[in-house]
Amino acid sequence: MRPDAVHAVIAVKHLDRAKSRLADRLPPGHRSRLVLAMLSDTVTAAVAAGLGSVTVVTPDHEVSAAVRELGAEVHPDPVGGTDPTDGLNTALTAAATAVRERHGPVELLALQADLPALCPGELSDMLATAPPGRAIVADHAGHGTAALLVRDGSAPLAPRFGPDSARRHIASGAKDLEGGWPGLRLDVDTEDDLHRAAALGVGPATAAVLRAIGWPEPVHRNLTRRYAANHMCAG
C-alpha cells in the first residue's frame, strides 16, 4: 500500500488535562510541555512517512498552532475535550468524517498522540504489510491500541479506544498485526513507559523537553534518534 493513500487522525485534549498518570512524577507545566513534544514527534514521523494527510483534532489552541507548523491539518474537538467517557472516540470519528469530506473515500489511520519513539519507516512497513479491511497495532502491553487502520474507503473508522481496546477492536473484526515496530507500539502513559521510550530513542522535541526538565541522567544519555535517508530510524 502506498502511504499517501492513507490519511491519519490523532486526537489530543487540553494540554493542562493530559497525562494525569504522570502527576506524581512531573508537575503540570512539565507534563504539558512533554505532551506537546510527544505529539510533535508523532506528527513529524507521520508526515515524514508520506501519509496523504495528518489531521489533529483538539480543543487546545497551542496544540493547533504547533501541529500546523509541522504540516498537519487541525479539526476542532466536537466535545471541547470535556467528555469524560467517550470523548476520544467521538473526536476521532469527527476528524475521520472531516478527512473524507475533504479527500473523498480514503483509507484511515487513527494514531495515539503519545508515540515519541515512532519512526517513519515503522509506519511505512506496517502499511505495506497490512491486509485490506480493519487492522490494529496493539500497544507494548498488549491491551491498548497504538494504531487503528481501515483499508476500505467506504468503511467507518468506528474507533473503540479506551480500556482493553485491543480486544474490543479485534472483536469488531480488526486483524491484530504482528510486526515488531517498537516505536509504534510504545505509547507513553506512565513513568515506566517514558523510561522505555527514552531507552529506545525518542524524537528531537521529546528529547529536548526531557533534557530541559532534568530527566534522570541514565536515561538522558540514551536520547538519540534521527531520520535516515530511507526514513527508518537510526543511531
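Remember, it's a predicted structure, so these values are computed and weren't measured experimentally.
- A donor-acceptor pair is defined here as one N or O able to donate and one able to accept, closer than 3.5 Å; no such pair exists between the side chain of R167 and the backbone of H143.
- Residues V6 and V57 are members of separate hydrophobic clusters, defined by side-chain heavy-atom contacts under 4.5 angstrom among Ile, Leu, Val, Met, Phe, Trp and Tyr.
- The closest side-chain heavy-atom distance from L127 to L51 is below 4.5 Å.
- Tested against H140 for a side chain to side chain contact (heavy atoms under 4.5 Å, CB included), the candidates V188, D187, L200 yield a single pass: D187.
- A distance-only check finds no donor-acceptor pair linking the side chain of R185 to the backbone of G142 [under 3.5 Å].
- Partners of S40 under the side chain to side chain donor-acceptor pair (under 3.5 Å) rule, at least two apart in sequence or in another chain, do not exist in this structure.
- In plain terms, the two heavy atoms of A166 and T145 that are nearest each other are N-OG1, 3.3 Å.
- For the pair R100 (side chain) and V106 (backbone), a donor-acceptor distance under 3.5 Å is present.
- When every heavy atom of L123 is checked against every heavy atom of A46, the shortest pair comes out as CD1-CA, 3.7 Å.
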What side-chain donor-acceptor pairs closer than 3.5 Å can you find for residues 59-68, not counting sequence neighbours?
from, atom 1, to, atom 2, distance (Å)
D60, OD1, E62, N, 2.9
D60, OD1, V63, N, 3.1
D60, OD2, L15, N, 3.0
S64, OG, D60, O, 3.1

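- The backbone N or O of T206 lies less than 3.5 Å from a partner atom in the side chain of D41, making a donor-acceptor pair.
- For E122 (side chain) and L184 (main-chain N/O), a donor-acceptor pair under 3.5 Å exists by modelled atom type.
- Remark: R196 pairs with D193 by the salt bridge (charged side-chain N to carboxylate O under 4.0 Å, His left out) rule, at least two apart or across chains.
- Using modelled atom types, one side-chain atom of H169 and one backbone atom of S165 make a donor-acceptor pair closer than 3.5 Å.
- Using a distance-only test at 3.5 Å, with no hydrogens or angles considered, a donor-acceptor pair links the side chain of R134 to the main chain of A158.
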Which pairs of donor and acceptor atoms, one on a side chain in residues 175-183, lie under 3.5 Å apart (sequence neighbours left out)?
from, atom 1, to, atom 2, distance (Å)
W181, NE1, D125, OD2, 2.8

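- With sequence neighbours excluded, the residues that form a side chain to side chain donor-acceptor pair (under 3.5 Å) with D114 are K19.
- Residues passing the side-chain contact (heavy atoms from CB on, under 4.5 Å) test with L157, sequence neighbours excluded: V9, L92, A96, L108, A110, L148, V150, P159.
- Looking at every heavy atom in both residues, S124 comes nearest to P3 through OG-CG, 4.3 Å.
- Side-chain polar atoms of R102 and T55 form a donor-acceptor pair below 3.5 angstrom.
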